[in-house]
Amino acid sequence: MTQPTGAADSDDLLPAFSVSAALAQRAIGAAREAARGLAVPVCIAVCDQAGHLVAFERMDGAPLMSAQLAQDKAYSVCAFNGLPTDQWWSMLETEGALLHGIVKTDRLVIFGGGAPIRSGRHLVGAVGVSGGSEEQDSQIAKAAASSLFGSGSGEPV
């Protein structure tokens, strides 16, 4: 591929790494397995590093409202550089003005169920889960995210 005349020098461009559709489907499978182990039907969303939906599943019996929440949890993780959604509350609970202002941000979810997918030091996507308790959603999302890369090695498992 050639660059158009006047294009920025490649040194001025940032590389972007992202989960593929195949990896997103693997994360969905791992989340489904974890959810079945807890006997809780959930909605599962996997997004790329920019927060765009790559794969989604609504398990039989999962609440309809959880579909958008799962997507927003995955988006929230990527929109804030990989911060898991279960870490928001502890950052905000004593910051009244910030808490009351930031919760009006579209698509921001500040409770558990969103986990980053990292390859080495790169944020490559996120998993969002909704339908169980906050603890269950977090556990399922983390299981799915960690199923893709072993111990931060950056290599698919």
Side-chain angles (χ1 to χ4, degrees), residues 1-35 42-59 62 66-92 95 98-99 101-132 134-157:
M1 184 168 147
T2 60
Q3 290 186 350
T5 306
D9 190 352
S10 63
D11 290 340
D12 295 330
L13 301 174
L14 298 173
F17 297 96
S18 181
V19 295
S20 64
L23 281 176
Q25 287 299 324
R26 283 179 46 197
I28 295 264
R32 184 186 320 110
E33 199 173 303
V42 295
C43 292
I44 309 154
V46 179
C47 68
D48 64 16
Q49 84 289 353
H52 301 293
L53 187 65
V54 176
F56 176 81
E57 180 176 311
R58 180 176 172 233
M59 294 175 66
S66 292
Q68 189 63 50
L69 281 170
Q71 293 175 53
D72 290 348
K73 287 178 183 184
Y75 172 83
S76 293
V77 170
C78 289
F80 215 77
N81 298 326
L83 182 70
T85 60
D86 64 4
Q87 292 183 16
W88 274 95
W89 179 249
S90 62
M91 291 176 16
L92 297 174
E95 298 290 334
L98 181 58
L99 173 63
I102 203 161
V103 295
K104 292 177 177 58
T105 303
D106 286 343
R107 301 193 66 193
L108 175 65
V109 178
I110 64 166
F111 49 88
I117 302 170
R118 294 191 184 279
S119 173
R121 61 182 176 84
H122 299 283
L123 177 68
V124 298
V127 178
V129 174
S130 182
E134 181 178 3
E135 184 178 316
Q136 290 168 326
D137 289 353
S138 289
Q139 183 179 345
I140 295 165
K142 289 174 184 176
S146 66
S147 75
L148 297 182
F149 298 99
S151 303
S153 68
E155 296 302 317
V157 262

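What you see is a predicted model; the values in this text were computed from it and never measured.
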Measure the [atom1]-[atom2] distance between [X] and [Y] for me, rounded to the nearest 0.5 Å.
{"X": "S66", "Y": "D72", "atom1": "OG", "atom2": "CG", "answer": "11.5 Å"}
{"X": "D86", "Y": "I110", "atom1": "CG", "atom2": "CD1", "answer": "12.0 Å"}
{"X": "F56", "Y": "I28", "atom1": "CZ", "atom2": "CD1", "answer": "8.0 Å"}
{"X": "I140", "Y": "E33", "atom1": "CD1", "atom2": "CD", "answer": "11.5 Å"}
{"X": "F17", "Y": "R118", "atom1": "CZ", "atom2": "CZ", "answer": "14.0 Å"}

Is the backbone of [Y] close enough, under 3.5 Å, to the side chain of [X] for a donor and an acceptor to pair up by distance?
{"X": "S76", "Y": "R107", "answer": "yes"}
{"X": "K73", "Y": "G112", "answer": "yes"}
{"X": "T85", "Y": "G113", "answer": "yes"}
{"X": "S90", "Y": "Q87", "answer": "yes"}

Closest contact, heavy atoms only, [X] versus [Y]:
{"X": "A34", "Y": "A143", "answer": "CB-CB, 4.1 Å"}
{"X": "A144", "Y": "A30", "answer": "CA-CB, 3.9 Å"}
{"X": "P84", "Y": "V77", "answer": "CA-CG2, 4.2 Å"}
{"X": "A115", "Y": "A145", "answer": "CB-CB, 4.2 Å"}
{"X": "A50", "Y": "C78", "answer": "C-CB, 4.4 Å"}
{"X": "A45", "Y": "A74", "answer": "O-CB, 4.0 Å"}

**Item:** S119 and its side chain to side chain contact (heavy atoms under 4.5 Å, CB included) partner, picked from V124, L148, L23
**Value:** V124

**Prompt:** Under 6.0 Å from the CZ atom of F80, do we count more than 12 heavy atoms belonging to anything else shown?
**Reply:** no

**Request:** Please check if atom CD in E134 has more than 12 non-hydrogen atoms from other residues, nucleotides or ligands closer than 6.0 Å.
**Result:** yes

**Message:** Please evaluate residues F111 and L69 with respect to the criterion side-chain contact (heavy atoms from CB on, under 4.5 Å), reporting the C-alpha separation (whole Å), side-chain torsions for both, the decisive distance (0.1 Å), and the verdict.
**Reply:** CA-CA 10 Å; F111 49 88; L69 281 170; 4.3 Å; yes

**Item:** Evaluation steps, side-chain contact (heavy atoms from CB on, under 4.5 Å), between V46 and I117
**Value:** CA-CA 9 Å; V46 179; I117 302 170; 4.0 Å; yes

**Request:** Run the numbers on V42 and Q136 for side-chain contact (heavy atoms from CB on, under 4.5 Å), then give the verdict.
**Result:** CA-CA 10 Å; V42 295; Q136 290 168 326; over 6 Å; no

